[in-house]
Asks: 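Could you have a look at this structure, given as structure tokens, before my questions?
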2 protein chains.
Amino acid sequence: MTDSAAWREEVKAVLRHEGKRSGGAREAVVDALAGHDCCVSAQEIADELRGGESRVGLASVYRALELLHGEGLVQRVDLGGGGYRYEPILPGGEHHHHVVCDRCGEVTAFEDPTLERAIERMERRLRRVVSAHDVVLHADCRRCAARA
Amino acid sequence: MTDSAAWREEVKAVLRHEGKRSGGAREAVVDALAGHDCCVSAQEIADELRGGESRVGLASVYRALELLHGEGLVQRVDLGGGGYRYEPILPGGEHHHHVVCDRCGEVTAFEDPTLERAIERMERRLRRVVSAHDVVLHADCRRCAARA
DNA sequence: GTTCCTGCAAAATTTTTGCATCAGT
DNA sequence: ACTGATGCAAAAATTTTGCAGGAAC
């Protein structure tokens, strides 16, 4: 089973355990999230769902994302640009960070175990329960760098 | 001379070099930024300035911040909550990162040279020019953790 | 049948832009 | 005087909330 399929199962299990009903919009949002490698915005999810046959309201997308975030199932990522992006917190525990191009908004992901360890050490030193962390690098993407 | 005083001087020099005029609002914003240890929001700056005798418009605060950010003199920080915060990029080069309480929005700062080195190593590995980086930890502050 | 979910529309929040006026050079 | 800077107000963009109708259990 792929990580995203496992994640989808976990989401369903958690929501059922919480007594949440499984309406169409919420499942559609979960499926859309599971189908992406990296973070997506609420608007992108809504557009994707509206592209299909469903009639999902933007508000329902936000409500689903907020619920999933509250349950610790999705991470809300701030990349600048005045909006949020969301991505699944996969059960394997691996996660990545982001490089954003400030010119065109392109987002790419990277992983770095050394950086991860440094952050974990820092979190222990804080003596506070850290629920999540973000690292965002700002750099021109290759296309914008070439054009400049 | 303190770091923030040096920063204020650098800002004035850069703006003069760019042929920017020195109007009241811009200087007021620079002074307000220099008077803070950590990041502040545009609204906070405007409130602070309006508390005094001046009549500074919120739009002017945003325009000043945008200009300073474009010149690489202030860092725009995303801490979630649907807004930006801004802080001076001090000439000493030292900078800190942030811990945000997702319940009450409290922001505290921390420094970690080890983490800094890990990020620099990562940036070199990317082979792209990284103009800035942010690390944001999400953790309940002590008050909210005690209340929960 | 009851309760939660959903979609639409309106509101709230944050940031940007237009424009007439004022100030710095 | 000329040009850029400023304040106010309106607009734009994003997220949240209210509410009536519908679906899940």
Side-chain angles (χ1 to χ4, degrees), chain A residues 11-32 39-71 74 76-86 102 105, chain B residues 11-32 39-71 74 76-86 100 102-103 105:
Chain A
V11 170
K12 283 183 186 166
V14 169
L15 294 186
R16 193 168 332 109
H17 181 260
E18 295 282 327
K20 302 294 181 188
R21 295 178 185 170
S22 169
R26 206 133 67 190
E27 284 205 353
V29 170
V30 172
D31 288 348
C39 50
V40 287
S41 70
Q43 189 65 62
E44 283 164 358
I45 293 175
D47 289 347
E48 192 177 319
L49 296 181
R50 281 167 179 279
E53 75 290 343
S54 54
R55 189 86 330 206
V56 178
L58 182 54
S60 297
V61 175
Y62 277 107
R63 279 189 280 237
L65 291 170
E66 183 191 338
L67 172 66
L68 295 171
H69 180 240
E71 297 290 343
V74 306
R76 191 154 74 163
V77 186
D78 258 303
L79 300 179
Y84 295 118
R85 301 181 80 79
Y86 303 82
D102 285 328
Chain B
V11 171
K12 283 183 187 165
V14 169
L15 294 186
R16 193 168 333 110
H17 181 260
E18 296 281 325
K20 302 294 181 189
R21 294 178 185 172
S22 168
R26 204 131 69 192
E27 285 205 350
V29 170
V30 172
D31 288 350
C39 51
V40 286
S41 69
Q43 190 65 63
E44 284 165 359
I45 292 176
D47 290 347
E48 192 178 319
L49 297 180
R50 280 167 180 279
E53 77 289 342
S54 54
R55 192 88 325 214
V56 178
L58 181 55
S60 299
V61 175
Y62 277 107
R63 279 188 281 237
L65 290 171
E66 184 190 336
L67 173 67
L68 295 171
H69 179 240
E71 297 290 344
V74 307
R76 192 154 74 163
V77 186
D78 257 302
L79 301 179
Y84 294 120
R85 302 181 78 81
Y86 303 82
V100 188
D102 286 327
R103 292 180 195 270

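Because the structure is a prediction, the values reported are computed rather than measured. Within every chain, numbering begins at 1; the chains are lettered A, B, ... in the order of the sequence lines, protein sequences first and strands thereafter.
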Asks: Just report the end-to-end axis angle for the helix from dG1(C)-dC25(D) to dT25(C)-dA1(D), five pairs per end, to 10 degrees.
Replies: 30°
Asks: Base contacts versus sugar-phosphate-only contacts with protein, heavy atoms under 4.0 Å: please encode nucleotides 15-25 of chain C as B, S and - from 5' to 3'.
Replies: BBBB----BB-
Asks: Specify the separation, in whole Å, of atom CZ of Arg26(A) and atom C1' of dA23(D).
Replies: 12 Å
Asks: Just how far, in rounded Å, is P of dT6(D) from CZ of Arg50(B)?
Replies: 14 Å
Asks: In whole Å, what is the span from the CG atom of Leu49(B) to the C1' atom of dA5(D)?
Replies: 15 Å
Asks: If I take atom CG in residue Leu67(A) and atom C1' in nucleotide dC4(C), what distance separates them, rounded to the nearest angstrom?
Replies: 12 Å
Asks: Could you pull out the closest heavy-atom pair between Ala42(B) and Leu65(B), with the gap in Å?
Replies: CB-CD1, 3.9 Å
Asks: Can you tell me the distance, in whole Å, between the CG atom of Asp78(B) and the P atom of dT14(D)?
Replies: 14 Å
Asks: In Å, rounded to the nearest 0.5 Å, how long is the span from OH of Tyr84(A) to CD of Gln43(A)?
Replies: 16.0 Å
Asks: Restricting to non-hydrogen atoms, name the atom on Leu49(B) and the atom on Ala32(B) that form the minimum distance, rounded to 0.1 Å.
Replies: CD2-CB, 4.3 Å
Asks: What's the CD-C1' distance between Glu27(A) and dA24(D), to the nearest Å?
Replies: 11 Å
Asks: Roughly how far, to the nearest 0.5 Å, is the CG atom of Leu67(B) from the OG atom of Ser60(B)?
Replies: 12.0 Å
Asks: Find the distance Arg16(A):CZ to dC5(C):C1' and express it as a whole number of Å.
Replies: 17 Å
Asks: What closest approach, in Å, do Arg85(A) and Cys39(A) show between heavy atoms, and which atom pair accounts for it?
Replies: NH2-O, 3.3 Å
Asks: With distance as the sole test, does Arg26(A) use its side chain to make a donor-acceptor pair with the main-chain N or O of Arg63(A) at under 3.5 Å?
Replies: no
Asks: Can you tell me how far C1' of dT16(D) sits from NE2 of His69(A), to the nearest Å?
Replies: 16 Å
Asks: Let's go through Glu27(B) and Lys12(B) carefully: what are the C-alpha distance in whole Å and the side-chain angles of both, what is the deciding distance for side chain to side chain contact (heavy atoms under 4.5 Å, CB included) to 0.1 Å, and is it a yes or a no?
Replies: CA-CA 9 Å; Glu27(B) 285 205 350; Lys12(B) 283 183 187 165; 4.3 Å; yes
Asks: For a quick test of reading the model, state the closest non-hydrogen atom pair linking Asp78(A) to Gly83(A) and the distance between them.
Replies: OD1-O, 3.6 Å
Asks: Could you tell me which non-hydrogen atom of Glu71(B) sits nearest to which non-hydrogen atom of Val14(B), and how far apart they are?
Replies: OE1-CG1, 3.9 Å
